[in-house]
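Computed from a predicted structure; not experimentally measured. The residues of the chain are indexed from 1 along the displayed sequence.
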Amino acid sequence: MASAIEVTDDDLEAWKREWQDIEGAVKALYPNLEDFEADSKAIAQLIAEGKYVMHHSSQYNAAYAPHYRIVSRNEYEKLKTILK
């Protein structure tokens with residue numbers, strides 16, 4: 001949670017621009033990707049609402065069983081010191 005506090009409006013604007021690039025690349029590489037249009041619309045709606053966190057799909061979870069957390073460099077350094 002501490003990492004999330006560090007996100008600024010500038011970070012969100014940069015993410016919006018980066019996401020547009022990513023989305024364009026995915027569409028060009030995989031024009032027939034299943035559920036792409038629906039997912040794209042859902043992501044656009046979240047971004048329009050100022051939200052930037054989304055969970056993986058059930059298909060992704062079943063295929064990869066992800067177990068991780070994304071933290072900022074600052075929080076990582078703090079944790080690294082505490083856990084030594």
Could you pull out all donor-acceptor pairs under 3.5 Å where a side-chain atom in residues 70-79 meets a protein atom, sequence neighbours excluded?
residue	atom	partner	partner atom	Å
S72	OG	S3	OG	3.3
S72	OG	E6	OE1	3.3
S72	OG	E6	OE2	3.4
S72	OG	E75	N	3.2
E75	OE2	K78	NZ	3.2
E77	OE1	K80	NZ	3.4

Using a 3.5 Å cut-off and no angle test, enumerate the donor-acceptor pairs between side-chain atoms of residues 31-44 and protein atoms at least two apart in sequence or in another chain.
residue	atom	partner	partner atom	Å
S40	OG	E23	OE2	2.1

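The salt bridge (charged side-chain N to carboxylate O under 4.0 Å, His left out) contacts involving residues 44-69 comprise E49-K51, where partners must be two or more places apart or lie in separate chains. Every pair passing ring-ring contact (aromatic ring centres under 6.0 Å, His included) that includes a residue from residues 13-35 is listed here, sequence neighbours excluded: W15-W19.
Checked against ring-ring contact (aromatic ring centres under 6.0 Å, His included), Y64 has the following partners two or more places apart in sequence or in another chain: Y60.
In this structure, D21 places its CG atom where more than 12 heavy-atom neighbours from other residues, nucleotides or ligands lie under 6.0 Å away.
Atom CD1 of I22 is separated from atom NZ of K27 by 15.5 Å, given to the nearest 0.5 angstrom.
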